[in-house]
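First comes the structure, then the notes that go with it.
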Amino acid sequence: MKLNLLLKRLFAFIAAIALHQLAFAQTSVTGKVTDQSTGAPLSNVNVTIKGTSRGTTTNDNGVFSINLQQGDAVLVFSSTGFAETEIDINGRSTIDVTLSTSSTKLSEVVVVGYGTQSRRDLTGAVASVKGDAIQNLPVSSASQALQGRAAGVNVVRSGGNPGNPGSIRIRGTGTINNADPLIIIDGIPAGDLNAVNPNDIASIEVLKDASASAIYGTRAANGVVIVTTKRGGFEQPMRMNVNAYTGMSNAIKTLDMLDAATLVELKRERFTNDGLTINPVWNDPSNSTQRTNWQDELFRTGTVNNIDVALSGGSAKSSYMLSAGMYDEKGIITNSFFKRYSMRLNSDHRIGKRLKVGQSIQLTRSNDNSLNTLSAQDGLIWSAIRFMPFIPVKNDDGSWGTSKASNEFGDINNPIFTANTIDADNINTRLLANINAEYEILKGLKFKVNLGVDGNHYTGRNFNIIISDQTRTRNNNSLGRSFSESYSLLGEYFLSYSNIFAGKHKLDAVAGYTSQTFDGDNFSAAKRDFLNEDPNQRFLDVGQTLQGIGGNRYYDALQSVFGRINYDYDQRYLFTATFRADGSSKFADGNKWGYFPAFSAGWRISNEKFFNVSFIDELKLTAGWGQLGNQNVNRLQYLALIGNGGRYSFNNNTTVGNTQTRLPNPNISWETAEMSNIGLSAELFNRKLAVNLNYFDKKTRDMLLSPPTIGTVGTLSIPDQNVGVLKNSGFEMDLSYSNRAGEFSYRLGANAAFIKNKVIELYDGNFIGSRTYGRPNEEISRTYEGLPIGIFYGWRTDGLYQTTDDISKDPNIANDPRRTAGLIEPGDVRFLDINGDGLIDDRDRVNLGSPHPKMVYGFNADFNYKGFDLGLFFLGNAGVKIFNADRMQGLDPTYSFNMYEEVKDRWTGPGTSNSIPRMTTRRNNRNYRTSDMFIEKGDFLRLKNLSIGYTLNDKLTNRLGIGKTRFYITGQNVFTVTGYSGLDPELGYTDGNRQINVDYAQYPQSRTWIFGLNVTF
Amino acid sequence: MKHTIVYKGFLLLLAVGAVSCNKDLLDSPPYGQSTSADFWRNADDAVSASNALYSFLGDEYTFAHTEQTWDICSDDQWRAGDHPEDQAIEDFTVEPSNPQLNDSWARKYEIVSRANAVLINVPEINMDNALKNRILGEAHFIRGLIYWQFYKIYGEVPLILEANVRENNYNVPKASMAEMEAQIESDFLAAADLLLTTNDNANLGRATKGAAWGYLAKFYMYKENFPKVIEFGNKVITGPYALAPSFGDNFTPATKNNPEVLFSIQCTEGWTENVASIYYGPRPWGGWGFQEPIDDLADEFEPGDERMGYTMAKVGDMIDAGASNGGLQPVPAGLTNTGYFFRKYVSWRPDGGLDNNMNIVMLRASDIYLLVAEAKIRSGQNGDNEINAVRRRNNIPDVSNATMQDLIHERRVELAGENERHLDLMRWDRANIIDLRAHYAINRGQWKPARTFTRPKNYKFPIPQRQIDLSNGVLIQNPDYQ
């Protein structure tokens, strides 16, 4: 009854809104729009009434006509390539307008820490990405959408699984430990971008250099990403925006593997070559029958669906934006998914003349399942590549196909079985909210308060079934549940002052205090022996045996004072000075506080009287220097801790021991990044072309890392130590150009970054190892002083030995005991003896190249013609190497796995192959060790987004009583140009920052096509 | 008027902020963990530290697998499994970068470090003296055990002792052979002195005097100090460490802690996993199929010797692999590569699945009987009593006037798969009792072709390259691997 009434009222309300749109049409205004520089009429210029969604476009003669309602006061004219222009109506019925061209770049206002600045006045390096650019892309996180949008802002995807946000790297990998930038969402330092619905974002600013980011001193060493969400406008009539899209995704590529018949032939050849009896399983004709392409079985068509609705508006005193959204992605592998429900309310209020109060609140709930796609023991894609092609997905009796029949079939579980029986998910429920107030004490002097909370509730569950019919069995079923709650409280108090003295001296200053605390509490429990594995029985109550219960909590805090002064003399000379002092609970008393200054200056050359270059409209030179801090390391490392030393039992009486779990480092303190920046920004050709060039040099000192430690210490954790210096330096370029020809308008943009990474100093001159690959624990990546982080390290090769004569005469192995023992045979790899001792061993390993791209670039082109729009966005890497570890193992015949199809072209006699070794069951020459044979060029150019849209004619939408309506089709990863032979050249990090671009058969990115609709009411 | 409420609210916000300015804000307590300053208070802490001495012994990269790998060099078994690094170990082509070497290195020192912590801190605790002695004895025993293992595999390694911990001095050169031996001897002697003769039921599995005496007997055998072998061996033989009625009792969960088992790594279903079981178990029955016996070992058993069936399964043997693996059944052909698998580490629960109640046997009294017999034979005495004590329970005839040949045979079949064979063969080669180079040059078929054993290089394994790198020149590679 009550609900019914409520619904009726709701309908009445909606009807009222709709009527409101129609009922008050009163007068109209007409006019003509022309180009200021040529005087030509401009067609297809958008004319809207400020604060509403009502609008029209000019016709071929540049003429427009628009109906007005009570309260309409200002017209807004906008067109690509021209500066947006606002004209007061003032009761007029005819308004003619001229538009001037502009790239709009320098006129925009950018958000910097604790304030905003006009781009013209910036002396630091700040990149801006407008919300429009990243909206309605089929991605779960705004960080993915940020990839390739700005020079020096790299987003490294470590897999295309749904919900994987990728790692943001600003100006290179800033440190060997956590190099993630600080993310600020509506004023709250909030860890990551995942919780925000990308469609709620109004703009993203990236503070790249020290001068810009030093105001966030402590956590700014790796850059700062500031996200501002959309808000309502004062005096803005209510507007509703609905976004919906739906689409499908597919695997871009699969690897070619041997078919069953060829595989059996090659398996037999291994034994024959070694003079061994062929294992009888390879005589069974059933094993030569091709039954399954496992990659095709594993990859399915994924789906992605999004709907969000935003309601915004405002009166003279209050404004609001309320949005709700749902994003649902099912990945291209069974059981991989990401789902997010989000809600946001932003509001602003003017109370009296001096006080403003605002708030933002965001509630999200996301659910995902991360599959294992990084292991060379049981990763899903790794398994599908290797599983025997003659094994069926399911047997005739309905049971899952299995490799159990013989050791020769590999100790891999049926990957389709695995994908289908995984039962795990992670649910995060997150509240991100702040309330802020601003009080104007005197003209230009304001006191501001910002209080925020970032709370997250995590629940994880993982049910493991009993596995008895597969090779890797599991004796007991079990259920693990974990819960954790974390909340962070923020308080910020600051004064800001802004004034112009004597017309020429502009001063802006801000100073304040801030503190943030981080509390967390976790609990987990696990039980095993569930008598019934029915999904309805998978609860802890049902388990027969308690496996364990655990829980703990943590606390971190930061406390800071900060200040910044911007001084501008005559719009020609700009100065900025910033200082921040930070205390961190991560360090012991005496080492808690770090002090981070920064200075920068700018010279607007184009405002000098002597400057008179007609085609340059704006020219500014900037330079800056500053220090930034990083404390993103484990807490309490200054203490020696005693903790759990593992389980044991005596005569089945269970015990847990205690032992020292960490060595202390009482001296641990801040990691400091020192950065210099020189920038040049210009607008040319009637502001059609905007150019922004930056050179930076960043040295990270006292880099915190846990040095590899001699084994005599034991296995307890070694604390991070302030050792090591890392340098990143590079050149960044952003260009944008916009123009129009008649009704055709376009905007082109390009950005590129050339960044060099080099370890200047590393603890005692030793190297840092990294994750090893597969069963033989092949070392792939090492970090050395004098080289970039994580270079590939291994042997050099020179083809294959063709004859026994080659072997006996090869100086590389003149003294090699393996040669004298007859363990090297024709068809084996010729490794190069680098140290000249006539034998191949560990000491012949060398630097095989850097995994870091020489250039990361992106470019975009947007075209508009009448109602049509076309957007293209490309990104790419150039000058990059990949270590294809999957291929290293995929060619190796000594494993009981399927092999790459190219093994067909193996060495079978002199002259048959110089790159693919002979078939053998033995590893005498270790042909498949880390070597240059498996290094490939990883350059790629990817059409990341292609979008084609059509906006309905406003006559039609007016008749329908709706506002701006656009239909579109968008493709993600439409095509990729690359010479790389693996599944995906975007491989990402596989061991913190210590290993990158190593192919483990990661979850590849998929090609996605969506169809969408955007309607404004 | 309305505005005053808002202003009051604004002031309240300021007040909240002022509270958050307190000076303890930056103090982060180590929740749930003790600092070293507030541990080592009482007997409970001491016992819990002693428990931690054992928990790493059953690690995959210590005695549950890595330390079991060295015996694939012997003529008893083929490496099987799919770890390429094992081929190099088996073929004597091992390089210092072989991951098996480095995997176990720091873990063994972790166990040493736990023992050192006990030896440094427990003496200061005010607690029951008997318990304190037992715990200190356990620490000496475990440290001795690890250095003993290091000594057998690498020869000389750095000795990290209490003083190194106190001085935070871990990057030290290798100790000499004499220093290694002195340390092993003194740790086992101290352990023998401090430990209990037997433990109560709740503590079965902790080290005992018998275990320490047993390792001392073996240590003196490596030193060829036969009187000491006999002296300490007889302490075991005359102590409460009787041989089990059946050889198989030692490898059966229900009787796993019978007195013959001087020391074993204790495993309990649902609490700790017996990783050795997984490595040795055949693939189709839930294991990973490593380290398979070969014909040469099977042929060594005398007809009717009951030990063979308990040691290894062959095609056709009736084995109960548990319900989910098909229950009681003859071992099918093709279950393993060589047709055999070791049973000393593997048994199945009735419902199927490897039984984690199996222990990993480290030292048995029968080994000590045979050491005493060997010491007697090699010093011109008669060792028949000890050999026959070991033989008698297996339904085979006694031997008389046993020779070294008999002794070598007896040790091989009694201890097959217990990581003694390759070490024994090297020991006898050094003593010129056998010619190991010739012995390993024999082609034993597909699973054990002829191999080249190089003296003295292959008496030792190389120090892991990673450790040499990390030591910055302090740690020197074993000479033949330089």
Side-chain angles (χ1 to χ4, degrees), chain A residues 276 351-352 355 404 406-407 411 437 449 451 468 471 473 475 491 493 515 545 552-557 559 583 585 592 635-636 639-643 645-655 657-660 708 710-715 764 766 775-777 818 821 841-842 895-896 923, chain B residues 3 6 10 13 17 20 25-26 28 30-36 39 48-49 51-52 54-55 82-85 87 93 95 97 99 105-107 109-110 113-114 117 158 160 170-171 201-206 257 266 268 270-272 283-284 286 289 324 352-353 446 452 465 467 470-472:
Chain A
L276 299 174
I351 301 163
L355 183 62
K404 247 183 132 172
S406 166
N407 273 349
D411 57 339
V449 184
L451 301 178
S468 52
T471 304
T473 58
N475 283 347
Y493 310 87
S515 71
T545 318
N552 210 333
R553 75 174 281 205
Y554 65 85
Y555 170 83
D556 297 320
Q559 206 169 13
S585 65
K592 279 188 159 68
R635 66 188 66 85
L636 297 167
L639 295 176
L641 296 177
I642 304 280
R647 294 175 169 196
Y648 201 67
S649 60
F650 296 102
N651 202 23
N652 296 344
N653 298 298
T654 61
T655 70
N658 273 298
T659 190
Q660 184 168 345
I710 190 151
T712 45
V713 173
T715 59
D764 53 2
N766 232 310
R775 307 280 157 83
N777 288 306
R818 292 171 310 120
D841 65 9
D842 297 334
Y895 289 100
S896 47
R923 288 155 178 162
Chain B
H3 290 174
V6 177
F10 189 64
L13 289 185
S20 71
L25 190 85
L26 296 182
S28 174
Y31 292 116
Q33 299 196 79
S34 309
T35 62
S36 49
F39 194 68
S48 105
N51 295 339
Y54 296 87
S55 49
D82 53 6
H83 288 180
E85 63 269 27
Q87 184 185 346
T93 56
E95 288 178 25
S97 66
W105 188 267
R107 287 173 170 85
Y109 276 107
E110 172 65 21
S113 133
R114 294 176 182 199
I160 303 298
Y170 292 93
N171 192 5
N201 257 338
N203 288 292
L204 276 183
R206 290 186 189 274
N257 286 322
Q266 304 272 314
T268 297
W271 186 250
T272 51
R283 266 297 157 77
S324 68
Q446 175 164 1
T452 310
Q465 186 61 39
Q467 299 303 325
L470 286 168
S471 77
N472 275 332

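So that the names make sense, note that chain A is the first sequence line, chain B the second, and so on, each numbered from 1. The figures here come from the full heavy-atom set of this structure, side chains too, leaving out hydrogens, waters and symmetry mates. What you see is a predicted model, and the numbers here were worked out from it, not measured in a lab.
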Item to check | Interatomic spacing from OH in B/Tyr170 to OG1 in A/Thr712 - rounded to 0.5 Å | outcome: 8.0 Å
Checklist entry - Are the side chain of A/Tyr648 and the backbone N or O of B/Thr272 linked by a donor-acceptor pair below 3.5 Å? => result no
Next on the checklist: For chain A, which candidate among B/Ser48, B/Pro284, B/Gly32, B/Ser113 shows the most heavy-atom pairs at distances under 4.5 Å?
Outcome noted: B/Ser48
Checklist entry - Side chain, backbone, both or neither: which part of B/Thr452 has an atom under 4.5 Å from a heavy atom of chain A? => result neither
Next on the checklist: To the closest 0.5 Å, what do you measure between CZ (A/Arg647) and OG1 (B/Thr268)?
Outcome noted: 10.5 Å
Next on the checklist: Measuring only between side-chain heavy atoms, which start at C-beta, is B/Ser28 closer than 4.5 Å to A/Arg635?
Outcome noted: yes
Checklist entry - Step by step, would you call A/Ile642 with B/Thr35 a side chain to side chain contact (heavy atoms under 4.5 Å, CB included)? => result CA-CA 6 Å; A/Ile642 304 280; B/Thr35 62; over 6 Å; no
Next on the checklist: Less than 4.5 Å to any heavy atom of chain A: does that hold for the side chain of B/Pro99, its backbone, both, or neither?
Outcome noted: side chain
Next on the checklist: If I measure from the heavy atoms of chain A, does B/Ser34 come under 4.5 Å with its side chain, its backbone, both, or neither?
Outcome noted: both
Next on the checklist: Shorter than 4.5 Å, heavy atoms on both sides: which option in A/Val713, A/Asn777, A/Asn653, A/Asn652 has the most such pairs with chain B?
Outcome noted: A/Asn652
Next on the checklist: For a side chain to side chain contact (heavy atoms under 4.5 Å, CB included) check, start with the C-alpha distance between A/Phe650 and B/Leu204, then their side-chain angles and the critical distance, and finish with the verdict.
Outcome noted: CA-CA 6 Å; A/Phe650 296 102; B/Leu204 276 183; 5.9 Å; no
Checklist outcome for this item: The interface call for A/Tyr555 against chain B, heavy-atom contacts under 4.5 Å, is both
Checklist entry - In Å and rounded to the nearest 0.5 Å, what is the CD to CD1 distance from B/Gln467 to A/Ile710? => result 6.0 Å
Next on the checklist: Can you tell me how far apart CD (B/Glu95) and CG (A/Asp842) are? Round to the nearest 0.5 Å.
Outcome noted: 5.0 Å
Checklist outcome for this item: Pair count under 4.5 Å, heavy atoms only, with chain A: among B/Pro158, B/Gly205, B/Ser97, B/Gly353, highest is B/Ser97
Item to check | Minimum heavy-atom distance B/Ala52-A/Asn658, with the two atoms named | outcome: CB-O, 3.4 Å
Checklist outcome for this item: Okay, B/Glu85 and chain A: the region with an atom under 4.5 Å from a heavy atom over there is side chain
Next on the checklist: Can you tell me which of A/Lys592, A/Arg553, A/Gln660, A/Lys404 forms the most heavy-atom pairs within a distance under 4.5 Å of chain B?
Outcome noted: A/Arg553
Checklist entry - Does any non-hydrogen side-chain atom of A/Thr654 lie less than 4.5 Å from one of B/Trp271? => result yes
Item to check | Max heavy-atom pair count under 4.5 Å with chain B, selected residue of A/Ala557, A/Gly646, A/Gly645, A/Gly711 | outcome: A/Gly711
Checklist outcome for this item: chain B shares the most heavy-atom pairs under 4.5 Å, among A/Ser649, A/Ser896, A/Gly643, A/Ser468, with A/Ser649
Item to check | Gap separating the CZ atom of B/Arg107 from the OG1 atom of A/Thr715, nearest 0.5 angstrom | outcome: 7.0 Å
Next on the checklist: What part of A/Thr545 gets within 4.5 angstrom of chain B, counting heavy atoms only: side chain, backbone, both, or neither?
Outcome noted: neither
Checklist entry - Can you find a pair of side-chain heavy atoms, one from A/Leu636 and one from B/Tyr31, that are under 4.5 Å apart? => result no
Checklist entry - If we only count heavy atoms from C-beta on, is the B/Asn201 to A/Asn651 side-chain gap below 4.5 Å? => result yes
Item to check | B/Tyr54 versus chain A, the contacting section by heavy-atom distance below 4.5 Å | outcome: both
Checklist entry - Is it the backbone or the side chain of B/Ser471 that comes under 4.5 Å from a heavy atom of chain A, or both, or neither? => result both
Checklist outcome for this item: So, the part of A/Ser406 with a heavy atom under 4.5 Å from chain B: the answer is neither
Checklist entry - Which bit of B/Ala117 comes within less than 4.5 Å of chain A, counting heavy atoms only: side chain, backbone, both or neither? => result neither
